[in-house]
Amino acid sequence: MNMQISKSPIGLDGVAAAETALSHVDGERGELIIAGERVGDLAREANFEGVTARLWASATGQPIGEAAVRAELGAARERAFARLPRLLAAADALPIIDGMRAAIAALRGEPGLSDEATIVGALPVIAGALVRHGRGEAPLPPDPTLGHAADTLAMLDGKRPDPRAAAALDAYLVTVSDHGMNASTFAARVVASTRADLFAAVTAGYCALTGPLHGGAPEPVLQMLDAIGTPDRIAPWIDAALSRGERLMGFGHRIYRVRDPRADVLEATVARLSQGGVDMPFAAAVEAYAREALRRAKPHRPLDTNVEFFTAILLDALQIPRQAFTPVFAVARAAGWTAHAREQQRTGRLLRPSSVYVGPLPQEK
Ligand code: ACO
């Protein structure tokens with residue numbers, strides 16, 4: 001039997017799965033454009049509601065402004081809080097990261113709200129309730145008069161957030177709101193392309209986010225910093241990890257060949273925060289040695305700091321428990337997932353790649 005086996009990149013490196021007007025990653029230049037703006041400018045000038053409005057307007061072709069998104073997300077947070085008993089029913093005995101998956105899967109359309117607002121509004125309510133449940137505390141109701149970032153912090157720790165902390169979380173939410181055809185966005189688009197609804201698409205996106213090669217890396221970043229412990233152990237610890245063939249969490253990227261531009265934005269955001277967590281000179285020394293050691297260990301592959309290294313440091317400084325790092329990432333990326341799912345639906349085209357068959361062939365009879 002003659003079969004033509006096509007040569008295609010395994011892992012889909014360099015394959016364009018869609019056209020998008022939402023965001024663009026230039027891996028050689030270390031540039032990220034979200035909704036027409038460089039990520040650094042956007043994090044300085046826009047808030048989460050503003051970038052979400054731009055993404056949704058682009059994806060749907062329907063104009064929507066920041067104020068309307070702020071009002072809709074506030075209403076959606078309240079609606080999600082009213083639905084918490086149902087949303088958390090399947091999440092009860094699970095770790096936070098898995099409870100979040102179960103609760104997202106339980107979301108349904110709400111009368112008078114768009115599906116995208118229902119989803120994006122619900123995520124911080126669910127994350128806050130799961131964190132508090134883990135501590136034996138009752139969930140806290142949202143305050144629709146607060147911005148999405150400030151209310152996310154308030155629902156996590158019960159305090160009216162310090163404006164600097166709220167601004168720092170807002171900068172984080174903007175910075176990671178969207179990022180081209182990353183694995184979770186691709187998963188969301190594949191599901192949306194089947195004409196499944198936004199709830200199914202975002203559930204798929206969240207599932208893909210949880211792995212440590214994608215959005216599950218920040219907790220292991222802190223574990224690495226804890227394990228290294230002191231400056232004198234940086235070099236031996238990293239050298240030993242690399243010689244065992246381990247991957248350093250918070251380093252490397254499929255697209256970037258230089259430092260991830262989001263690392264610059266988040267490093268500057270941490271520097272503006274007065275409250276501390278990880279010792280910054282120590283983290284900077286770990287980063288510097290890791291970059292050097294990776295250059296030595298993998299001379300064939302440029303590997304540099306990715307967004308997750310400073311995500312871990314920033315979310316820790318904001319006193320967000322590490323088990324909630326990936327759920328808080330999802331709070332931000334839900335803006336991108338919902339926009340990409342809508343953009344994909346508008347194309348009407350099923351995403352269905354091919355595979356390279358390497359199994360046995362039938363014998364000629
Ligand atoms: N530490 C050590 N070695 C690494 C790392 C790393 N962080 N990343 C890649 N490499 C090595 C690989 O082992 C491989 O080595 P080899 O050629 O000797 O076999 C080489 O670099 C090429 O690696 P690929 O597998 O081609 O890289 P890929 O594009 O698949 O990896 C990934 C991207 C998954 C992000 C990888 O860099 C990684 O595992 N990083 C650590 C986890 C992490 O930080 N994840 C968060 C990513 S950011 C985000 O998703 C939001």
Side-chain angles (χ1 to χ4, degrees), residues 8-15 23 25-28 30-32 34 39 43 97 172-188 204-225 227-228 234-235 237-267 283 286-315 322 325-337 340:
S8 64
I10 307 301
L12 301 180
D13 309 34
V15 173
S23 60
V25 184
D26 182 331
E28 300 296 330
E31 192 167 271
L32 166 61
I34 305 175
V39 66
I97 193 166
Y172 168 74
L173 297 183
V174 168
T175 302
V176 303
S177 57
D178 197 34
H179 197 240
M181 197 54 59
N182 61 88
S184 59
T185 297
F186 181 54
Y206 179 78
C207 291
L209 188 74
T210 57
L213 299 193
H214 189 14
E219 189 182 356
V221 166
L222 286 192
Q223 287 162 351
M224 173 178 77
L225 295 176
I228 296 173
I234 295 173
W237 194 97
I238 288 177
D239 291 345
L242 289 177
S243 67
R244 288 192 300 269
E246 288 173 15
R247 290 186 176 208
L248 301 180
M249 293 291 130
F251 296 89
H253 198 273
R254 175 58 63 82
I255 308 286
Y256 291 119
R257 293 294 174 267
V258 293
R259 198 173 191 246
D260 185 331
R262 299 168 300 174
D264 300 343
V265 176
L266 298 186
E267 185 179 19
V286 170
E287 186 199 3
Y289 188 80
R291 295 171 83 185
E292 187 192 313
L294 284 167
R295 268 194 290 277
R296 266 199 315 272
K298 306 283 172 189
H300 55 290
R301 175 73 152 90
L303 296 166
D304 213 319
T305 320
N306 68 45
V307 67
E308 300 292 52
F309 189 76
F310 285 101
T311 290
I313 293 167
L314 175 62
L315 297 188
R322 15 184 112 178
F325 284 1
T326 303
V328 171
F329 190 167
V331 167
R333 187 54 61 82
W337 292 331
H340 275 274

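For ligands, and for the atoms within them, numbers begin at 1 and follow the listed sequence. These numbers come from the heavy atoms of this one structure, side chains and all, not from hydrogens, waters or symmetry mates.
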[X] neighbourhood, listing ligand 1 atoms whose heavy-atom distance to it stays under 4.0 Å:
X    : value
G250 : 43 (C), 44 (O)
A217 : 43 (C), 44 (O), 45 (N), 46 (C)
M249 : 42 (C), 44 (O)
L294 : 1 (N), 2 (C)

Main chain of [Y], side chain of [X]: is a donor-acceptor contact present, judged purely on distance under 3.5 Å?
X    : Y    : answer
S177 : R333 : no
D26  : E31  : no
D260 : V307 : yes

Taking [atom] as the reference point, the nearest protein heavy atom with its distance:
atom                    : answer
atom 33 (C) of ligand 1 : R254 N, 3.6 Å
atom 42 (C) of ligand 1 : P212 O, 3.5 Å
atom 19 (O) of ligand 1 : K298 NZ, 4.6 Å
atom 41 (C) of ligand 1 : F251 O, 3.4 Å
atom 1 (N) of ligand 1  : L248 N, 2.9 Å
atom 50 (O) of ligand 1 : H214 ND1, 2.8 Å
atom 38 (C) of ligand 1 : R247 NH1, 3.5 Å

Check: With a 4.5 Å limit on heavy-atom distance, are the side chains of Y172 and L266 in contact?
Finding: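 Yes, close enough: below the 4.5 Å cut-off.
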Note to self: Any non-hydrogen side-chain atom of R322 less than 4.5 Å from a side-chain atom of Q223?
What the structure shows: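 Yes - at least one pair of side-chain heavy atoms lies under 4.5 Å apart.
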Next item on the list: For the pair W337 and T185, evaluate side chain to side chain contact (heavy atoms under 4.5 Å, CB included) and give the outcome as yes or no after the intermediate values.
Entry: CA-CA 6 Å; W337 292 331; T185 297; 3.6 Å; yes
May I ask you to check if ligand 1 and [X] share an N or O to N or O distance below 3.5 Å?
X    : value
V307 : no
G215 : no
L303 : no
H300 : yes

Next item on the list: Would you check, one step at a time, whether the test side chain to side chain contact (heavy atoms under 4.5 Å, CB included) holds for T210 with F329?
Entry: CA-CA 10 Å; T210 57; F329 190 167; over 6 Å; no
Item checked: Aromatic ring pairing H179/H253, orientation class (parallel under 30°, perpendicular over 60°, tilted between) ->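 The arrangement is perpendicular - the two ring planes meet at more than 60°.
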Margin query: Between the side chains of D239 and R296, is the shortest nitrogen-to-carboxylate-oxygen separation below 4.0 Å, so that they form an ion pair?
Written below: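 Salt bridge flag = yes for D239 with R296.
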Item checked: Ion pair check, E287 and R259, cut-off under 4.0 Å ->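 Salt bridge present between E287 and R259.
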Where on [X] is there a heavy atom closer than 4.0 Å to ligand 1, on the side chain, on the backbone, on both, or on neither?
X    : value
N306 : side chain
V176 : neither
R301 : side chain
E308 : side chain

Note to self: Under the side-chain hydrogen bond (donor to acceptor under 3.5 Å, both in side chains) test against N182, which residue among H214, H340, R254 passes?
What the structure shows: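 Single side-chain hydrogen bond (donor to acceptor under 3.5 Å, both in side chains) partner of N182 among H214, H340, R254: H214.
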Margin query: Quick check: closest heavy atoms across G250 and F309, and the distance to 0.1 Å?
Written below: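 Closest approach of G250 to F309: O-CB, 3.8 Å.
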Checklist line | Any E246 heavy atom less than 4.0 Å from ligand 1 | finding: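 Distance cut 4.0 Å: E246 passes for ligand 1.
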